2 protein chains.
Amino acid sequence: MECKDATSVELSHALPPRVDDASAFLKGLANPHRLLILCALAQGERNVSTLITETGVAPASMSQHLSKLKDEGVVDFRRDHRTLTYFIAHPATIQIMAVLYDHFCARDEA
Amino acid sequence: MECKDATSVELSHALPPRVDDASAFLKGLANPHRLLILCALAQGERNVSTLITETGVAPASMSQHLSKLKDEGVVDFRRDHRTLTYFIAHPATIQIMAVLYDHFCARDEA
DNA sequence: ATGTCATATCATAAAAATATAAATTGAAAA
DNA sequence: TTTTCAATTTATATTTTTATGATATGACAT
């Protein structure tokens, strides 16, 4: 059996034991502000101040969102002098955003 | 510019106006029971009783989950005699589940 | 018309997610 | 060592999500 792509058979047999992890990961992305943050990070790494400016999300809220994204392994950060630089750490993130783009942006759909 | 796949440029420019819709769609999938339901539906259409048996989700809860999935356009149903047959209505759903499979099942990752 | 069965809806309670304001940390400049 | 600044943490209120039990709907068989 091929294992590179997911068929409906694999989805229904292999995914169920992992639905908790998978849904936790999806929950990490399933918020407008976090998607906005990830759109910014998709262009390249950003420090927190920049993310706050670019997205308009309030500082405390930003910290909480970044913390949640970090907990789920979606992003990671590095310390540069006294700023924290965040970046997308998980390849699945970009893949899922690509599906969203295809669905909501590439075609003109309500 | 190519439009078939999403680059980081497209993600950061095209997705932001649609983050509310995109995150609503993701929220539809971001629950263990709903993922379980979708895994069953990935094998083929199912009536509600079958879904209840296969997933172990309680009837009232099942109705609410199906209702939410329907609201987001993830699934749709058809009436057969006196049972309702649900099926996956959105192609993006399978694509996202395939990404989850790749990430959580194809590789052995914690 | 009555009963049965599949499914949905309602009402409610408990848990999780989110935003905001205030206080804290901690690295670096002065 | 005091100040400053970036970012986080804490506390709290609001909203959203979810599960459960009870009730309702609606198609079909009797």
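Since we're looking at a predicted model, the values are computed, not measured. Atoms considered below: every heavy atom in the structure, side chains included; atoms not considered: hydrogens, waters and symmetry mates. Throughout, protein chains are lettered first and strands after them, A, B, ... in sequence-line order, and every chain is numbered starting at 1.
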Legend entry - B:M62 CE to C:dA8 P, straight-line distance once rounded to whole Å: 10 Å
Inset, instruction - Among the candidates C:dT7, C:dA17, C:dA22, find the nucleotide nearest to the side-chain atoms of A:K68. - result: C:dA17
Inset, instruction - Using atom types as modelled and distance alone, determine if a side-chain donor or acceptor of A:R18 lies under 3.5 Å from a backbone N or O of B:F104. - result: yes
Inset, instruction - Round to the nearest Å and state the distance from A:L66 atom CG to D:dA6 atom C1'. - result: 13 Å
Inset, instruction - Please determine if a side-chain N or O atom of A:Y86 lies less than 4.0 Å away from the OP1 or OP2 oxygen of D:dT8. - result: yes
Inset, instruction - Return the value, rounded to whole Å, for the distance between atom CG of B:N47 and atom C1' of D:dA27. - result: 15 Å
Inset, instruction - Look only at the side chain of B:T93 and the backbone of B:H90, and say whether a donor-acceptor pair between them is shorter than 3.5 Å. - result: yes
Legend entry - B:L69 CG - C:dT7 P separation (whole Å): 16 Å
Inset, instruction - Tell me what B:T83 touches on the nucleic acid: a base, only sugar-phosphate, or nothing, going by heavy atoms under 4.0 Å. - result: sugar-phosphate
Inset, instruction - Please tell me which of the listed nucleotides, D:dT18, C:dT7, C:dA17, lies nearest to the side chain of B:L84? - result: C:dT7
Legend entry - Distance below 4.0 Å between B:R79 side-chain N/O and C:dT7 OP1 or OP2: no
Legend entry - Nearest-Å distance for atom pair CG/C1', residues B:D80 and C:dC5: 16 Å
Inset, instruction - Please state whether the phosphate of D:dT17, meaning OP1 or OP2, lies under 4.0 angstrom from any side-chain nitrogen or oxygen of B:N31. - result: no
Inset, instruction - Please state whether the phosphate of D:dT16, meaning OP1 or OP2, lies under 4.0 angstrom from any side-chain nitrogen or oxygen of B:K27. - result: no
Legend entry - Atom-pair distance (CZ on B:R34; C1' on C:dA16), nearest Å: 13 Å
Inset, instruction - For B:P59, report the nucleic acid contact type (base, sugar-phosphate, nothing); a contact means any heavy atom under 4.0 Å. - result: nothing
Legend entry - Residue pair B:L29 / B:R34, side-chain heavy-atom distance below 4.5 Å: no
Legend entry - Base C:dA19 paired with A:Q64 side chain (donor-acceptor, <3.5 Å): yes
Inset, instruction - Give a yes/no answer on whether the side chain of A:H65 brings an N or O atom under 4.0 Å of OP1 or OP2 in C:dA19. - result: yes
Inset, instruction - Quickly work out the B:E72 CD to D:dT16 P distance and round it to whole Å. - result: 14 Å
Inset, instruction - Please report, rounded to the nearest Å, how far the C1' atom of C:dA6 is from the CZ atom of B:F77. - result: 13 Å
Legend entry - Heavy-atom side-chain contact between B:D76 and B:K70 under 4.5 Å: yes
Inset, instruction - Among D:dA7, C:dT7, C:dT20, find the nucleotide with the atom closest to the side chain of A:A58. - result: C:dT20
Legend entry - 5′-ward residue of the pair A:V48/B:A60 relative to DNA chain D: A:V48
Legend entry - Short side-chain N/O contact from B:H33 to OP1 or OP2 of D:dA19, under 4.0 Å: yes
Inset, instruction - Side-chain contact test, heavy atoms from C-beta onward, threshold under 4.5 Å: evaluate it for A:K27 versus A:E72 and give yes or no. - result: no
Legend entry - Contact summary for A:A30 and B:S23, nearest pair of heavy atoms: C-CB, 3.9 Å
Inset, instruction - Compare side-chain N and O positions of A:R82 against OP1 and OP2 of D:dT4 and report whether any pair is under 4.0 Å apart. - result: no
